[in-house]
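I have placed the structure first, in the form of structure tokens, so that the comments after it can refer back to it.
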2 protein chains.
Amino acid sequence: MNADSHHQGRRPTMTDVAQRAGVSLKTVSRVVNGVQSVDAQMASRVQEAAEELGYRPNFAAAVLRSGSSTATIGLLIKDLRNEFYATIAAAVADVARANGFQLITSYSGENADDELEAVQDLCRRRVDGLLIVPTSGDHAGLQKEMDLGTPMVFLDRRPEGLDADAVVLDNFAGARAGAGLLLDEGHTRIGILIDTLKMPTMGQRLDGVRQAYADRGLPFDESQVVHNVATPEKAARRMDAILAEEQPPTAFFCGNNRSGVGALRALWAHRRAEPLVCFDDFHLSDLMPRPLTVISYDNYALGALGAELLFRRIRGEDFDPETVVLPTQLSRRGTSTDCPPDPGTASQPTEGIQ
Amino acid sequence: MNADSHHQGRRPTMTDVAQRAGVSLKTVSRVVNGVQSVDAQMASRVQEAAEELGYRPNFAAAVLRSGSSTATIGLLIKDLRNEFYATIAAAVADVARANGFQLITSYSGENADDELEAVQDLCRRRVDGLLIVPTSGDHAGLQKEMDLGTPMVFLDRRPEGLDADAVVLDNFAGARAGAGLLLDEGHTRIGILIDTLKMPTMGQRLDGVRQAYADRGLPFDESQVVHNVATPEKAARRMDAILAEEQPPTAFFCGNNRSGVGALRALWAHRRAEPLVCFDDFHLSDLMPRPLTVISYDNYALGALGAELLFRRIRGEDFDPETVVLPTQLSRRGTSTDCPPDPGTASQPTEGIQ
DNA sequence: GTGAAAGCGCTAACAC
DNA sequence: GTGTTAGCGCTTTCAC
């Protein structure tokens with residue numbers, strides 16, 4: 001490491017390199033970008049000078065001058081600890097990489113205002129496009145940013161008040177089929193756990209359940225619906241109460257993986273095994289200690305197709321706003337109820353173990 | 001939406017706003033940045049003009065001129081579908097947001113060359129700092145970028161050939177305790193599944209296991225170690241073979257969550273319940289259909305502490321490279337072996353269900 | 001308070 | 001092939 005390289009604060013510029021190599025600025029530019037032909041000897045002198053100084057091109061300056069793209073897309077998303085979102089992010093990251101783009105992952109916030117602010121910040125940074133898992137609320141504010149030239153694709157939920165590309169699930173059909181499964185098994189008192197109806201997806205899923213009742217000419221009792229179950233913990237607590245009722249439901253329908261996991265935990269804790277249908281599959285659902293049915297879909301495709309759509313826009317393709325609807329399917333999950341043999345050697349709770 | 005706003009290609013600049021408002025460029029700058037005082041009437045005229053034109057400040061241009069920071073950090077990471085990485089990313093995203101920074105998430109690649117390339121791209125973009133979950137291989141190449149002024153903090157693994165901040169787990173102690181648990185239960189033939197030793201973490205964990213044997217004066221048979229178990233699927237296949245041996249191990253130690261999950265699946269499929277210790281906790285480990293022990297730790301803190309360290313560097317704090325070692329603990333997971341009662345109403349496999 | 005001029009680091013256009 | 005000049009969109013002088 002040579003002492004010249006320690007600039008701490010001021011990075012060497014093309015001009016510095018040009019001076020050191022005794023050539024013009026433009027020659028350095030040519031060498032650095034490696035497109036136009038440069039005399040070999042000159043080129044190597046430039047390379048050497050750049051190396052010695054620790055020159056690193058300033059990408060933003062190049063973009064500014066040339067008017068080229070930042071080769072960056074933004075993703076607005078909630079919580080990466082939720083595997084639904086993490087899978088979307090992984091898919092988007094893969095597609096971005098395949099296109100040689102960097103990905104800025106930002107928080108979509110709690111409401112439409114937060115979201116708009118995040119979008120505007122990314123627009124100031126001149127991202128080439130935006131993938132948004134929208135919060136609830138009106139998204140008309142984003143129209144302006146789209147008109148200004150930042151294409152956007154919405155994931156999981158269509159934007160409200162905005163005509164834009166989206167990739168969504170067939171929530172209605174999935175929920176209808178899932179609830180139908182329980183109804184066809186003879187259950188009519190089905191406990192339904194959903195997150196807030198502020199999420200349009202939840203409304204669609206609930207509508208699907210209602211339709212399953214209607215399909216069979218059965219009455220739907222709205223009091224079966226438990227609202228605002230946002231976390232597994234909340235779901236488990238609500239389940240505790242429900243299971244203590246005099247006539248608890250004989251089966252359960254959970255609106256997403258969080259409520260599903262919470263319900264599973266509660267049922268297990270109470271040593272009950274009422275049939276359960278859960279919208280969203282999740283890791284290790286196959287090893288749950290009881291059978292269950294999940295409404296599954298291609299989570300990765302949700303992100304990947306959205307990103308592909310966005311890149312079509314970025315490449316300048318012109319087409320009417322498109323909504324891709326991903327199908328769902330019912331999948332059996334969980335283990336059967338027969339126990340594994342007692343190994344006799346199972347480890348016992350041990351001191352120092354939580 | 002007024003027609004002027006549709007520029008498609010050329011975004012309005014401060015100069016455009018200044019012209020429209022009939023003021024100087026500088027006045028617009030003052031209004032947009034809202035720091036210096038401007039005549040109220042002028043200001044509102046500028047606001048209006050900016051609004052009408054759909055003006056959006058060009059952040060990169062401001063950074064270029066002012067020499068201010070890009071308020072961006074980079075995260076180099078592998079696969080967000082792995083909850084270990086996703087949790088780190090979530091933590092880093094939270095800390096970045098708390099500091100008002102944007103986060104570029106990039107792929108750390110398969111080897112040191114990929115990684116260096118990714119780092120250099122982010123340096124060209126002038127990120128203020130980098131968080132890296134390093135690939136295997138030598139990282140000396142990154143020294144230059146650090147010297148050039150981009151601070152880096154390494155997560156999960158210390159960089160090889162580079163003296164930099166890092167946040168790591170106490171792999172040795174954790175594995176030692178975990179293997180010790182099995183040995184103290186009387187198991188000596190323990191099957192050990194690990195990913196490639198190219199990952200130094202795997203070496204440390206294996207050393208911990210060896211130490212557990214040595215602690216008790218027991219001989220360690222290297223043939224117990226199954227290498228290159230990179231995925232749950234591979235782990236399950238290896239387990240199939242192992243369980244078919246004449247004298248299979250009486251217990252298993254898995255070097256990470258992937259091999260642990262694969263081993264669990266295989267043991268369940270074979271209706272066996274040999275004790276299992278797994279480095280890394282994972283979602284729903286509490287509902288696994290049998291007991292197990294995980295070597296757990298604060299996964300979120302791994303990312304959050306790393307990001308905090310990085311921001312200290314970004315703020316210009318000067319201190320010797322620091323390595324934070326996070327402790328691990330043994331945690332009981334899985335369900336006990338008693339079965340839930342047969343509900344009699346469990347849903348049956350149904351047509352159209354996979 | 002406001003404006004004119006210069007320049008951040010780079011590339012496009014045009015000369016040589 | 002190479003160098004010179006201008007200017008991307010903005011902020012920083014520094015006059016007024």
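Residue numbers begin at 1 in each chain, while the letters A, B, ... track the order of the sequences.
The CG-C1' distance, from B:L25 to C:dG7, rounds to 13 Å in whole Å. Distance, B:R124 CZ to C:dG9 P: 17 Å, rounded to whole Å. B:N58 has its CG atom 14 Å from the C1' atom of C:dC10, to the nearest Å. Note: CG (A:N33) to C1' (C:dG9) measures 12 Å, nearest angstrom. Put simply, CZ on A:R10 is 10 Å from C1' on C:dC8, counting in whole angstrom units. Atom pair A:R56:CZ and C:dC10:C1' shows a separation of 17 Å (rounding to whole Å applied).
Considering only side-chain atoms of A:R30, the nucleotide from C:dC14, C:dC10, C:dT2 that sits closest is C:dC14. Distance from the side chain of B:K26 is smallest to C:dA4 among C:dT11, C:dG9, C:dA4.
For A:D94 and A:Y300, the side-chain atoms include at least one donor-acceptor pair closer than 3.5 Å. Using a 3.5 Å distance cut-off with no hydrogens or angles, the side chains of B:T150 and A:R11 do pair a donor with an acceptor. Between the side chains of A:T135 and A:R157, no donor-acceptor pair is found at a separation under 3.5 Å. Using modelled atom types, one finds a donor on one side chain and an acceptor on the other under 3.5 Å when comparing B:Q102 with A:S106. Residues B:S69 and B:D128 have side chains that bring a donor and an acceptor to within less than 3.5 angstrom of each other.
If B:D39 and B:R126 are placed on DNA chain C by their nearest nucleotide, the residue sitting closer to the 5' end is B:D39. When each of B:S24 and B:R65 is assigned the nucleotide of DNA chain C with its nearest heavy atom, B:S24 is the one assigned upstream, toward the 5' end.
The shortest heavy-atom contact between A:A90 and B:L80 is CB-CB, 4.0 Å.
Counting non-hydrogen atoms of neighbouring residues, nucleotides and ligands closer than 6.0 angstrom, the CD atom of A:Q41 reaches no more than 12 such neighbours.
Residue-level contact check: A:Y55 touches the backbone only, with heavy atoms under 4.0 Å from sugar-phosphate atoms and none from bases.
On the nucleic acid side, DNA chain D contacts chain A at distances under 4.0 Å to non-hydrogen atoms, with the end points of that region at D:dG1 to D:dG9.
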